[in-house]
Amino acid sequence: MDLAGKTAVITGSNSGIGFGMATELARAGADIVLNSFTNREEDHALAKGLSEEFGVEARYIEADMTDPAACRHLVNSAGQCDILINNAGLQYIASIPDFPTEKWDAIIAINLTAAFHTTAVALPMMRAAGWGRVINTASSHGLRASPFKSAYSAAKHGIVGLTKSTALETAQDPITANAICPGYVLTPLVENQIPDLMKEYDMDRDAVVRNVMLSRQPSKDFATVEQIGGTVVYLCAEAARQVTGTTISVDGGWTAM
Ligand code: NAD
């Protein structure tokens, strides 16, 4: 797979799945724009590391995905955006009556609204370049819900809808738009849920992993960031040219149930 000359902008990519996607795209030859809301030495070091390992251009651009202007600025300042991956995400676990409004607003902003803003800027660039891929990180929670994850389920179902509209608006352009729906992947986002789930379900760590998380995943195994990155590379290939407006589950069978 040769993505040389293509630039991938990946929101929320200084960690977890986003960095896994960036690594696989860099391995395939794409130039990379990493992003998060921080501006630390280690953020820029991640980009330098990709550049050194794969011989591609890689930059880190700070932009807070809760801020619509920053979302748009990220894509504009990338200069070129052939592959847009809306991946930044946040989770919070609480029952609906106890769910803090500011957490609801942040989750909808980062996991859903940010993708509207970045896509709005990226599509004209892709049309001008004559090639484009929009890939949204949804979740199994874009297709199924769980208790105590109301905002996350709403945002992820929402981004599946946005993906379909994006695909229909670009159906006659050389652009595709798809959503990847991972099951559980052992990243910081999932690690951080474990203490809250222990509290909500009154279980110890092993029981939460086995009986709550992986109970939904028939493979009884976490998906990996490399597997999600490989799915992104596939979506960029000519083999996926007619794959648009759909969801691709990488969930060990979760949504087969
Ligand atoms: P993670 O916590 O490692 O990554 C989340 C990323 O989003 C980080 O880079 C973080 O800095 C960034 N981010 C958070 N708030 C931001 C903001 N305001 N502005 C910019 N960036 C921000 O977790 P992850 O598991 O790698 O999650 C990545 C995506 O994958 C998310 O959209 C998540 O919902 C989705 N997902 C994860 C799993 C899983 O099991 N880990 C499953 C399905 C979907």
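If you read the sequence from its start, that first residue is 1, and numbering goes on from there. Counting starts at 1 for both ligands and their atoms, following the listed order.
For atom 16 (C) of ligand 1, the nearest non-hydrogen atom from the set F19, W254, F37, F222 comes from F37. Nearest-residue assignment for atom 30 (O) of ligand 1 (options V250, T137, V225; heavy-atom criterion): T137.
Atom 26 (O) of ligand 1 has its closest protein heavy atom at I17 N, 2.7 Å. Among protein heavy atoms, atom 34 (O) of ligand 1 sits closest to Y152 OH, 2.5 Å.
Some N or O of N14 is nearer than 3.5 Å to an N or O of ligand 1, by distance alone. The shortest N or O to N or O distance between M65 and ligand 1 is under 3.5 Å.
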R27 and E24: CA distance, side-chain angles, deciding distance, salt bridge (charged side-chain N to carboxylate O under 4.0 Å, His left out) verdict: CA-CA 5 Å; R27 195 189 305 284; E24 295 312 310; 3.1 Å; yes
Working for side chain to side chain contact (heavy atoms under 4.5 Å, CB included), residues C236 and I135: CA-CA 9 Å; C236 293; I135 300 170; 4.3 Å; yes
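Taking every heavy atom of S13 and a limit of under 4.0 angstrom, the matching atoms of ligand 1 come to 9 (O). Close contacts between ligand 1 and V190 involve ligand atoms 39 (C), 40 (O), 41 (N) [criterion: under 4.0 Å to a heavy atom]. Atoms of ligand 1 lying under 4.0 Å from any heavy atom of S36, numbered from 1 in the order shown and given with element: 10 (C), 11 (O), 12 (C), 20 (C), 21 (N), 22 (C). Listed by number with element, the atoms of ligand 1 under 4.0 angstrom from any heavy atom of N87 are 28 (C), 29 (C), 30 (O), 31 (C), 32 (O). Per-residue contacts place G89 under 4.0 angstrom from the following atoms of ligand 1 (heavy atoms of the residue considered): 5 (C), 7 (O), 14 (C), 31 (C), 32 (O). Atoms of ligand 1 found under 4.0 Å from any heavy atom of A63, numbered from 1 in the order shown, are 19 (N), 20 (C).
Of the possible donor and acceptor atoms, one in the side chain of T118 sits under 3.5 Å from a partner among the backbone N and O of A115. Using a distance-only test at 3.5 Å, with no hydrogens or angles considered, a donor-acceptor pair links the side chain of S140 to the main chain of P182.
Contacts between D64 and ligand 1 below 4.0 angstrom, taking non-hydrogen atoms only, involve backbone and side chain alike. Contact annotation: for A223 versus ligand 1, there are no heavy atoms closer than 4.0 Å. Here K156 has side-chain heavy atoms under 4.0 Å from ligand 1, and that is the only part of it that gets that close. When non-hydrogen atoms are compared, ligand 1 lies under 4.0 Å from neither the backbone nor the side chain of A114. With a heavy-atom cut-off of 4.0 Å, L189 touches ligand 1 through backbone and side chain alike.
A salt bridge between E191 and R205 is present, with a side-chain N of the basic residue lying under 4.0 Å from a carboxylate O of the acidic one.
Under the 6.0 Å distance and 45° angle rule, R72 counts as a cation-pi partner of F116.
The only option from N86, N136, T244 that meets the side-chain hydrogen bond (donor to acceptor under 3.5 Å, both in side chains) definition with T163 turns out to be N136.
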